[in-house]
Amino acid sequence: MPELPEVENVRNGLKQLITGKTITSVRVLWTNIIKDPSVTEFKQKIAGQKIEDIHRRGKFLLFILSDDVVISHLRMEGKYRLEGPGVPLSKHTHVIFELDTKEELRYLDVRKFGKMSLVEKEKLSSHPSLKDLGPEPTEESLETAHLVEAFKKTGRPVKACLLDQKIVAGIGNIYADEILYDAYVHPEKKGNELNSKEIKRLRDSIVSIMNKAVEMGGTTIRTYANAFGAQGSFQSHLRVYGKTGESCHRCHHTIQKIKVAQRGTHFCPECQKSGRG
DNA sequence: CAAGAGGCCTGTTAGC
DNA sequence: TGCTAACAGGCCTCTT
């Protein structure tokens, strides 16, 4: 379930493996992966373009080509693999970028939830997938004042706010739970009920958890590895996600699982009572 | 406008 | 044991 740290790790691997190579043609085996433009146009425009760089924005991977940019979202299970010619296609391969090196960059996705778009460079920041994204969850980009502004006008649970990519880009279900635990905030507490101390703590927890997860190469759950050794180790630092029934590291009460905003949500009912002072 | 529900998918797991 | 149903999850679209 790639969130920002996993996507960043994939980006690093891809950057080393395919920068400078040219895409000679594209094969699309499951057309729903291609969001826009049409599959025909997607294939035609990409053919012949060189991969100049790989960037990331939130959970989106950005393949910077000669003229255009491929915006790729891995959703839950999307993966890229670089394979030599003639290597049999695995079951869940849906898009294949053939390279001038005779290698193939293959997109695999068990659940077929991932999406790709192609957009001209000049129109990148106005693309619907990117234009409303909030700031990156970093020391430089994420200001407490921005969160204060976003939280004070909503009655949604804070967990839903953290998952809202318009407020902060890149946080998914795993890190949202970890951030709330780190900040001693109850996931169901409403945005407009948070005091300034809580928001400050949340901001600091967002930055520190995401930063640490990136440093550790992300979180690997379900033992899914990929072709680039992009297997993370943050799973050993998880405190609440997937820990239902285990005892809290801080107070030894039992970690509970509930539904918040239709998502499985793990928290410690003792240290996340509602936010303490 | 905001916020919630449904849909997209299939491998895994819980329950009968 | 063998089967089915529920679940997981990010984001878009539709409905309220």
Side-chain angles (χ1 to χ4, degrees), chain A residues 1-8 10 28-37 39 56-62 70-79 89-95 107-117 119 126-134 136-137 149-180 187-193 210 213 218-226 232 234-235 238 240-245 255-267:
Chain A
M1 19 227 86
E3 301 179 31
L4 185 153
E6 294 74 40
V7 177
E8 177 63 15
V10 170
V28 177
L29 307 179
W30 186 262
T31 56
N32 279 357
I33 301 287
I34 312 303
K35 190 172 160 199
D36 59 90
V39 173
R56 181 192 56 73
R57 177 75 174 95
K59 301 176 198 171
F60 291 91
L61 213 44
L62 307 174
V70 175
I71 303 172
S72 169
H73 199 302
L74 307 173
R75 296 289 176 94
M76 261 65 74
E77 310 251 7
K79 295 173 234 323
L89 293 185
S90 66
K91 186 178 171 187
H92 302 294
T93 304
H94 306 309
V95 182
Y107 177 73
L108 291 70
D109 190 340
V110 170
R111 293 188 189 164
K112 300 177 177 174
F113 269 23
K115 296 290 174 198
M116 292 183 201
S117 296
V119 60
S126 60
H127 188 276
S129 293
L130 305 181
K131 69 179 171 60
D132 295 324
L133 284 181
E136 293 283 315
E149 199 55 34
F151 289 160
K152 77 178 184 191
K153 61 187 178 193
T154 182
R156 301 166 78 196
V158 58
K159 164 91 185 243
C161 297
L162 292 183
L163 292 173
D164 186 341
Q165 303 297 300
K166 296 188 199 60
I167 298 177
V168 184
I171 300 171
N173 203 44
I174 296 175
Y175 296 115
D177 284 2
E178 295 300 318
I179 288 163
L180 289 165
E188 289 180 304
K189 188 148 189 180
K190 293 177 173 28
N192 55 20
E193 289 172 357
M210 297 304 274
T219 300
T220 301
I221 289 190
R222 292 174 177 283
T223 71
Y224 264 106
N226 67 30
F234 192 76
Q235 60 272 19
L238 296 176
V240 286
Y241 184 87
K243 307 293 184 189
T244 314
I255 303 300
Q256 290 188 5
K257 184 174 183 183
I258 56 173
K259 279 254 182 200
V260 181
Q262 291 151 249
R263 302 294 158 75
T265 299
H266 314 72
F267 74 110

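Note on naming: letters A, B, ... go to the chains in the order of the sequence lines (proteins, then strands), and numbering restarts at 1 for each one. This structure is a prediction, so every number in the text was calculated from the model and none was measured.
- As a whole-Å value, the separation of N173(A) CG from dA8(C) P is 9 Å.
- In this structure, N173(A) and R263(A) approach most closely via the heavy-atom pair OD1-CB, 3.5 Å.
- Between L163(A) atom CG and dC11(C) atom P the separation is 9 Å, expressed in whole Å.
- Within the 4.0 Å cut-off from OP1 or OP2 of dC7(C), not a single side-chain nitrogen or oxygen of K259(A) is found.
- One finds no side-chain N or O of H94(A) lying less than 4.0 angstrom from the OP1 or OP2 phosphate oxygen of dC9(B).
- At whole-Å resolution of the value, CG in L130(A) and P in dC11(C) are 12 Å apart.
- Distance CG (D132(A)) to P (dC11(C)): 13 Å, rounded to an integer number of Å.
- Looking at heavy atoms from C-beta onward, I33(A) lies out of side-chain contact with V28(A) at the 4.5 angstrom threshold.
- Here Y241(A) reaches the OP1 or OP2 of dG9(C): one of its side-chain N or O atoms lies under 4.0 Å away.
- For the residue pair D177(A)/H266(A), the side-chain donor-acceptor check at 3.5 Å is satisfied.
- For K115(A), no side-chain nitrogen or oxygen approaches OP1 or OP2 of dC9(B) to under 4.0 Å.
- OP1 or OP2 of dC11(C) has at least one side-chain nitrogen or oxygen of H73(A) nearer than 4.0 Å.
- Taking side-chain N and O atoms only, Q165(A) has a distance below 4.0 Å to OP1 or OP2 of dC11(C).
- Inspection of the H127(A) and D36(A) side chains reveals an N or O donor paired with an N or O acceptor under 3.5 Å.
- Nucleic acid contact class of K166(A) (heavy atoms, under 4.0 Å, all strands): none.
- Contact between the side-chain N/O atoms of N32(A) and the OP1/OP2 oxygens of dC9(B) is found at a separation under 4.0 Å.
- Between P157(A) and P187(A) the shortest heavy-atom distance is CB-O, 3.5 Å.
- Following rounding to the nearest Å, H266(A) (NE2) and dC7(C) (C1') show an atom-to-atom distance of 12 Å.
- K115(A) and S129(A) share no donor-acceptor pair across their side chains, judged by distance under 3.5 Å alone.
- Protein atom CD of E3(A) is 15 Å distant from nucleotide atom P of dA8(C), rounded to whole Å.
- Of the candidate nucleotides dC12(C), dT10(B), dG10(C), dG10(C) has the atom lying nearest to any side-chain atom of R263(A).
- Applying the 4.0 Å criterion to OP1 and OP2 of dG11(B), one finds that K112(A) has every side-chain N and O outside that range.
- A 4.5 Å side-chain heavy-atom check between R57(A) and E136(A) finds at least one atom pair inside the cut-off.
- Protein atom NE2 of H127(A) is 13 Å distant from nucleotide atom C1' of dC11(C), rounded to whole Å.
- With hydrogens and angles ignored, a donor-acceptor pair under 3.5 angstrom links the side chain of R111(A) to the base of dG9(C).
- Scanning both residues, C161(A) and T154(A), for their nearest heavy atoms gives SG-CG2, 3.8 Å.
- As rounded to whole Å, 15 Å separates atom P of dG9(C) from atom NZ of K79(A).
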B/S/- contact track for nucleotides 2-7 of chain B, protein heavy atom under 4.0 Å: -SSB--
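- F113(A) qualifies as a stacking partner of the dC8(B) base, centre to centre under 5.5 Å and near-parallel within 30°.
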